[in-house]
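A short worksheet on the structure shown next.
Side chains are part of it too, since the values below use all heavy atoms of this structure and drop only hydrogens, waters and symmetry mates. Since the structure is predicted, the reported quantities are computational estimates derived from the model, not experimental observations. Note on naming: letters A, B, ... go to the chains in the order of the sequence lines (proteins, then strands), and numbering restarts at 1 for each one.
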There are 2 protein chains.
Amino acid sequence: MPAEASAPTGGGTQAQAGPGEAAAPGRRERVREATLREIKDNARRRLAAEGPSGVSLRAIARDMGMTAPGLYRYFSGLDDLLNAVRADLFHELSEAVAGAAAPLPTDDTDGRILASLRAFRSWALSHRAEFSLLFATPAPQDAPDQRVLEAGQEFAASFFSLFDRMLAEGRIPLPADDEIGPELRERLDAFAAKTGFTIDNASYGALRVLMSCWVRLYGLVSMEVAEHLTPIMGDMEPLFEAELQDILAPSGAACRASDQD
Amino acid sequence: MPAEASAPTGGGTQAQAGPGEAAAPGRRERVREATLREIKDNARRRLAAEGPSGVSLRAIARDMGMTAPGLYRYFSGLDDLLNAVRADLFHELSEAVAGAAAPLPTDDTDGRILASLRAFRSWALSHRAEFSLLFATPAPQDAPDQRVLEAGQEFAASFFSLFDRMLAEGRIPLPADDEIGPELRERLDAFAAKTGFTIDNASYGALRVLMSCWVRLYGLVSMEVAEHLTPIMGDMEPLFEAELQDILAPSGAACRASDQD
DNA sequence: CCGTAAGCTTTACGCCGTTCACTAAAGCTG
DNA sequence: CAGCTTTAGTGAACGGCGTAAAGCTTACGG
């Protein structure tokens, strides 16, 4: 009875110590892993091509030359598959954001942040359906999945850690801690605890600024992905760049010309 | 053959000049209107209860004691119904935002804006599914509906017109026109043209500030609706109020204590 | 009064997720 | 090796979905 969330069939054997290799995954689990990957790849193909509603077990199975019930050996249902894809996508997005900053020198704080924020936008625009799968409002009843939650928090943490250095440099004027109301402080405490920030590293003012940056970035990008303003504004890149400049202006960052595309 | 968008069956007769009443809608069209309303009401009930995916023609028909194909006399399909609901919702949202400002005296510009922005948030939070139906990323292939587009632009216009007076008062420091890049200016021109703003009324700087406000408000509220930050921050109201204060701070607006709830 | 159209039902087709009973193969164990 | 157990996968089936076509009934308009 496959009742567990993600791995209906659990590995019984694997530590049998094969001939040459130490902890060989075992032939069995290798092909299983491959099938699992194939399912998710097909799900993503359909996701990109037809949007979230185009992802169906039957269609995926058809693409793979098998029947839908067979997929239940790998996922406990469509929701489970979608959640697995969501978790993967969060990791991918984290990597895209972090990867954009990596090649730049450590002391080029502004450049690293700019590159990452632009990478976030780029990823979103080149993965519209994926982005909306990640950030869509969930239906009222469906409970959040643990893996997705964790992956999301990992993304949040990796995203915010971008600002660590900039905050440390103290170039941004932060609101004083006592300008921040007690309720908000409470929330920021909770936030810091869950994302690995501690108030020692980042003052309330810093967390406040972080949240503000994220809200603006997220708001603009998600509007762009949804093409909400597109019919009345056309290309939104100039607005994005202007917002970027605005967000980072207090730090005196030089924002001119993205070097990509 | 009902191929048109919204009204498969179009009224032939109505100007027949009844006995007493001038342009009486005619009994026929009255019951039709009532049924139409009933369908949309049922759609909204299910929308609120189970989210967008819970809205199905068959379920609605069942609730109304009829069969699904009967609904095709009123809507050309599920999408058409959803678009009609969307248009209604945009009007409702516009009204909620405008209505919140109405009771306040005309010269209380800050108060009116605050009330409207809070009303936007309140409406969104008490109509999560409706909000996400309005602002969800559409699937890659489906073309935008004309009525929805118009209703959306009406909302945008009514929303932005809130700021008319504040901009006129000149209390917000605006970026100089020549600080705004030529591409962005082009976009803002397009935007102004579509929403009724003219550059005479509002400078590029003003439009720029408007957009920034909207992006922040939208970003925060849509994150709150999606409960994206909720698992790590809990109640987001303090953050919202802080953002409000931030957004309107340059104008010296007094933001203390919302009088509602 | 009769033709015509509107409102609605029945039937049907092809999707969908999911369950269940079943087979065939692979792996482990004695 | 035999034999047992687990796994991967199939086929049929249930119920729900959108929607197209055809038919029936009722009300309206000339």
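- Between F135(A) and F131(A), the ring-plane angle classifies as tilted under the 30° and 60° cut-offs.
- Spacing between atom CG of L81(A) and atom P of dG17(C) amounts to 10 Å, rounded to whole angstrom units.
- You'll find the ring centres of W214(A) and F163(A) outside the 6.0 Å limit.
- Contact annotation: the side chain of F155(B) never approaches that of L134(B) to less than 4.5 Å [non-hydrogen atoms, C-beta and beyond].
- Less than 4.0 Å separates DNA chain D from at least one heavy atom of each of the following residues of residues 47-56 of chain B: S56(B).
- Taking atom CG of residue L71(B) and atom P of nucleotide dT9(C), one finds them 9 Å apart after rounding to whole Å.
- With respect to R44(B) and E92(B), a salt bridge is recorded, a charged nitrogen being found less than 4.0 Å from a carboxylate O.
- Atom CD in E33(A) sits about 11 Å away from atom P in dA8(D), given to the nearest Å.
- When distances are taken from the side chain of P69(A) to each of dG7(C), dC20(C), dG27(C), the shortest belongs to dC20(C).
- In this structure F191(B) satisfies the ring pair (Phe, Tyr, Trp, His ring centres under 6.0 Å) test together with F160(B), sequence neighbours excluded.
- Summarising the geometry, the separation between CD on E29(B) and P on dA27(D) is reported as 17 Å, rounded to the nearest angstrom.
- If you measure from atom CD1 of I39(A) to atom C1' of dG9(D), you get 12 Å, rounded to the nearest angstrom.
- Residues D79(B) and R86(B) are not paired through a salt bridge, judged by the lack of any N-O separation under 4.0 Å between the basic side chain and the carboxylate.
- Listed in residue order, the members of residues 58-65 of chain A having a heavy atom less than 4.0 Å from DNA chain C are R58(A), A59(A), R62(A).
- Distance CG (D142(A)) to P (dG17(C)): 16 Å, rounded to an integer number of Å.
- Comparing dT10(D), dT18(C), dC8(C) by their closest approach to the side chain of L78(A) singles out dT18(C).
- The side chain of L57(B) approaches dT19(D) more closely than any other nucleotide in the set dT18(C), dT9(C), dT19(D).
- Considering only side-chain N and O atoms, Y72(A) lies nowhere under 4.0 angstrom from the phosphate OP1 or OP2 of dT19(C).
- Residues D63(B) and R46(B) have side chains in contact (heavy-atom distance under 4.5 Å, counting atoms from C-beta outward).
- Under the 4.0 Å criterion applied to side-chain N and carboxylate O atoms, D88(B) and K40(B) are assigned as salt-bridge partners.
- Side-chain nitrogen and oxygen atoms of T67(A) include at least one within less than 4.0 Å of the OP1 or OP2 phosphate oxygen of dT10(D).
- Rounded to whole Å, the distance from CE on M66(B) to P on dT19(D) is 15 Å.
- Counting only distance, with no hydrogens or angles, the side chain of S116(A) and the backbone of V97(A) share a donor-acceptor pair below 3.5 Å.
- Look at CG on D80(A): it is 12 Å from P on dT19(C), rounded to the nearest Å.
- Ranking dT9(C), dA8(D), dC28(D) by closeness to the R28(B) side chain, first place goes to dC28(D).
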